[in-house]
Amino acid sequence: MAKALLGYVGGPDPRLLAEMRRLQQRVQDLESELLRMQAENDALTAVASREESLLRNIDVTHGEPVLA
């Protein structure tokens, strides 16, 4: 019984600690990926906004004649 108690209170399971470290690293990797994707999305949104404003400035009521 004493050996069982010592094994129980002997400390955390190394496999559990390794899994915890792996999961913490995975969370950090995913957070980094999320930040990268948000920055990329912000850049793409800015480009799309500029292009949209350029298209709005085109005067379509006075279009050029079609060449035959």
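Residue numbers start at 1 and run along the sequence shown. Only this structure's heavy atoms are used, side chains among them; waters, hydrogens and symmetry mates stay out.
With rounding to the nearest 0.5 angstrom, the CZ atom of Arg26 is 4.0 Å from the CG atom of Leu30. Atom CG of Leu35 is separated from atom CD of Glu40 by 13.0 Å, given to the nearest 0.5 angstrom. Rounding to the nearest 0.5 Å places CD of Glu52 at 11.0 Å from OG1 of Thr45. Summarising the geometry, atom CG belonging to Asn41 is positioned 10.5 Å from atom CG belonging to Leu34; distances are rounded to the nearest 0.5 Å. Note that CG of Asp29 and CD of Gln24 are 12.0 Å apart. Values are rounded to the nearest 0.5 Å.
Taking the charged nitrogens against the carboxylate oxygens, Glu19 and Arg15 have no contact shorter than 4.0 Å, which rules out a salt bridge.
Side chains of Gln38 and Asp42: no donor on one and acceptor on the other come within 3.5 Å.
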